[in-house]
Amino acid sequence: MSKRILIVDDEPNIVISLEFLMKKEGFEVAVAGDGEEALAQVAGFNPDLVLLDVMMPKKSGFEVCEALRADPSRAGLQIVMLTAKGRDTEVAKGLAIGADAYVTKPFSTKELLARVKELLGIA
Amino acid sequence: MKRGSPTRQRLAALALLGIPLLTFPVLGLPQGELAGMPATVLYLFGVWGGLIVLAASIAERRKK
Amino acid sequence: MMLSGWFIALLSTAYVGLLFAVARFGDARADAGRSIITANVYALSLAVYCTSWTFFGSVGRATSGGLSFLTIYLGPTLMLLCVGVIIKMIRIAKAQRITSIADFIASRYGKSQLLAGLVTIIAVIGIVPYIALQLKAVAASLDVLFDQPGHTIRLWGIDSTLLVAGVLALFTILFGTRHLDATERHEGMVAAVALESVVKLVAFIAVGVFVTYGMYGGFADLFQRASVHPELAGLLKLDGARAGTWAAMILLSALAIVFLPRQFQVMVVENVDESHLKRAVWLFPLYLLLINIFVLPVALGGLLHFGGQGVNPDTFVLTLPLSQGAESLALLVFIGGLSAATGMVIVETIALSTMICNDLAMPALLRSPWLQRQKQGDLSGLLIGIRRVAIVLILLLGYIYFKAAGEAYALVGIGLISFAAVAQFAPALFGGMYWKQGTRAGALAGLLAGFGVWLYTLLLPSFAKSGWIGNGFVEHGLFGVEWLRAQALFGLSGLDEISHCLWWSMLANIGAYIAVSLLTEPDALEAGQAERFVDVFRHAQQAPDTRLWRGNASQTELATLLERFLGPVRARQQLGSYARSRRVSDWRSLPADAEFVHFAETELAGAIGSASARAMVSSVTREEDLGLEEVLDILDEATQVRAHSRELEAKQQALEAATAELREANERLRELDRMKDDFISTVTHELRTPLTSIRALSEMLYDDPKVELDQRRRFLGIIVSETERLTRLINQILDMAKLESGRAEWTTGEVRVGEVVREASEALGALYREKGVRLNLDIAEGLPAVLADRDRLMQVVVNLLSNAVKFVAPLTGTVAVVVARAENMLRVSVADNGPGLTAEECGVIFEKFRQGGNTMTDKPQGTGLGLPISRQIVEYFGGKLWVESTPGNGATFIFTVPLTQAAPDA
């Protein structure tokens, strides 16, 4: 059974590229354009991993991450934060609230894939 | 430096005003009579009373 | 004569008894801690200044000197206005437990017993005749009442004057020496004096009204009648030739109101609250004015009525009512006169007895072998005894003087002679309050010189005029030396005797005081006291400077000393409250340090005067002698420390202000820094976002050549548009930076806005047509040109038009541009029928990188810098850019550009 990945970003072009990248690797992919939609998708789509943008309208990535981590039934969910703000404080903040990885934009597709596979336990 | 109390300074100024008013040569100015009274007597008591009224208004002024 | 002697005696006794009752009440209230001394009582008590010399004598003086009697009351009026001087005196007296004027002067000059004694002697010599005058006045008024000239009234074979003196002595003892108070305050006495002041004022005004309105037809009538008589008319005029005398009298009485021992007593020693002076400063002069209003009318009335009958003008206040048969009024006047005399005698005698006891008797006693042997034992009883004896002695002296002088000149002129005597205290006292360099030797020299001149030019000539001594020194000068003539010293003539004396005595006094002070050095104690007196306002705020005393003492010995002089009860009381003030329960647990010694000495000073207290304290302590150098060092240090601390305080305030300013500036910088940080962070975000898509897509295309062609085209399209976005972004950021830093280049010229709008709409025509949006232009005709940069203005219009087209729906969208004139501005509005903006959005869209939400497509719509840049440009031209919108009803962006005055429409 293939792993499910939820892509959350408000930039359509980034969503397009990530969607293409993940689908090509055989993951089942769903997308969300903002934080609220992301939470709804998590409930319906039940992903194994979330690629989560930080700067989004309505609910920021941090808020989404916190909400997910507060839900015990989602304990095994992997969260990878994506951000265009590369400041150390942001990285620390993201990890502190329970993200499993933090990737700054623009990212290398290979590295991101390696990271995702590592988190999902795919060698 | 410490500033003197304004009330004390005003009263002292009143004394300085009173000295020339109550001594010669100013004292020699009132002459003749006014309403049947010697002008000198009226002047002396007038200035004296004036000083007292002014002193009272300065000294008894309520502090804001 | 219908007034019976017994009745008058009874009435007088009843009156003095009333005063006594008031005094007891006042004392009782004071003991209970509920003082009855109010500001009004204090002000009225100062009227002890008006003695029987005023009550009877003013009229007498007016009959010979006209208006000049007023000077005696104008001087005090002016002196009272110098409240600052009086408050300083009170402050010093309280800090040093001063009990008399002799104590004040002695304390200032190193607690000198010699100086205290000298001041006391001058005061006694100067004042005893004045007391005699009071006795004479009472005797004379009795004479008039009984119509028996020659003082021959006797009760049980005793001369009535002696009887009066005896009664007054008894009352004075009862009033003033009931107990030995640490501050020598007699609140009961002050209250009684205030009452008698009211009584004498009422009595005098009563007789004044009686004469002026009862016997004559008012002021004008009296003055008119008087002006008919040439000798009376002269009294109503001021003689300009006596200008010097007039001024001298004012000066003399101004000094007397402070330096007469009784005045010093009521004004300084008896003051319970400095704020009472605020009332006294006008109420007391008002009292003086009231008591003087009828003096001249009574004098004129008497002269007119008794013209040529040889009636003594000093008795007019009594003889005029009696001549009309107004016996009850005469009785009231008698009581008023008695009141004036009684008040004066009581206060003056108490003040003098304190001085005699503390400054003459005590020093002698302290040296006597008898006291040396009596190491133990309560001496407070002895002190009271000495005072009582002194009171009797003073009144006896007054009586003897009265008997000796009788009607002689020496008594008549004595009021002013006494004034001149106490005026000699002025240089040493005022100098001591304001001049630190004044020394004991200087004060002694000044006092002796002034007193000597007074004796020679005023007192002895008055004796000579009375025929007690030869008048050769007056007529021909001492030893026949012409320029030593007593009342024309060094040939100074043309002055009256009082002015003559005042002039020479002050010259000698001040001259000697200053000269000797400058030539001598103070000792350590003097230097310390000088500091404490002159800088009393500064010292009051801190603990007494105890560094000026060093040595060994035992508290039990000091306590014993206090018990001996204050009495055991009072001593224990004072020790107890002192211990409490130092926060211990028992004084025995206090160290016998400098502070304790200072406390003991101050307490003792209240009882026996500062000079004797100093002597007593040093007899039981082993003091190290601080040299003058050391004391001056300490004082200098203290002054420097104070100066430093003031400087420090000022510096600290300046520092605090600077710190606050810095903090504020820092806050602003921090805010700016934060804003810059945010800006950079936002810019980074904005740059990284398109880069992310570009990198990811190009990487994927590079890595996987097998991507389908459609997909490949799509991705390449995205890459191109994101690159364009990136380019636009970078250009706008640079543009914004240039605008903000003011480095933007402007080519300003006359621009026709209508043309610009038309051109912009043509440029964007394709975009509008593509989306099916209608663009309506409404450009008013004949608009004037504006002064602006054409390209920049174009940038603004293009920005607004391209924004508008983004936010309207395809096909149904409409954008309307209106260019019109609004007063002296050109107004361009771009209205769309898009979703509109909320009030909050209307504000934020002009902030950098804050784009309006809800764009109609999913594509990123812009950089978020277009509007902020447009606003910067419009504001540069002096116009404004804003938006008006309600959600759902579209938005209208409006900007204005000022019209150029210089370039009207061609």
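Chain letters run A, B, ... following the sequence lines, proteins first and then strands; every chain starts at 1.
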Report which part of [X] has an atom under 4.5 Å of a heavy atom belonging to chain B: side chain, backbone, both, or neither.
{"X": "C:L70", "answer": "side chain"}
{"X": "C:Y73", "answer": "both"}
{"X": "C:N292", "answer": "both"}
{"X": "C:L283", "answer": "neither"}

About how many Å separate [atom2] of [Y] and [atom1] of [X], when rounded to the nearest 0.5 Å?
{"X": "B:L22", "Y": "C:L78", "atom1": "CG", "atom2": "CG", "value": "5.5 Å"}
{"X": "B:Y43", "Y": "C:L67", "atom1": "OH", "atom2": "CG", "value": "13.0 Å"}
{"X": "B:T7", "Y": "C:L277", "atom1": "OG1", "atom2": "CG", "value": "12.0 Å"}

Side-chain heavy atoms of B:I58 within contact of C:W282, under 4.5 Å: no
B:I19 vs C:I250 side-chain heavy atoms within contact, under 4.5 Å: no
Structural part of B:L51 lying under 4.5 Å from a heavy atom of chain C: side chain
Per-residue contact mode, B:L16 against chain C (heavy atom under 4.5 angstrom): neither
Under the side chain to side chain contact (heavy atoms under 4.5 Å, CB included) test, which residues partner [X], sequence neighbours left out?
{"X": "C:I205", "value": "C:L201, C:V209, C:L290, C:F294"}
{"X": "C:Q652", "value": "C:E656"}
{"X": "B:A15", "value": "C:L81, C:C82"}

Atom CH2 of C:W435: over 12 foreign heavy atoms under 6.0 Å: yes
C:L74/B:T23 under side-chain contact (heavy atoms from CB on, under 4.5 Å): CA gap, chis, key distance, verdict: CA-CA 10 Å; C:L74 292 176; B:T23 49; over 6 Å; no
C:K278 versus B:E60, closest heavy-atom pair with distance: O-OE2, 3.5 Å
Residue selection (most heavy-atom pairs with chain B, distance under 4.5 Å) from C:S227, C:G84, C:P285: C:P285
Residues in residues 212-220 of chain C that sit under 4.5 Å from chain B, counting heavy atoms only: C:F219, C:A220
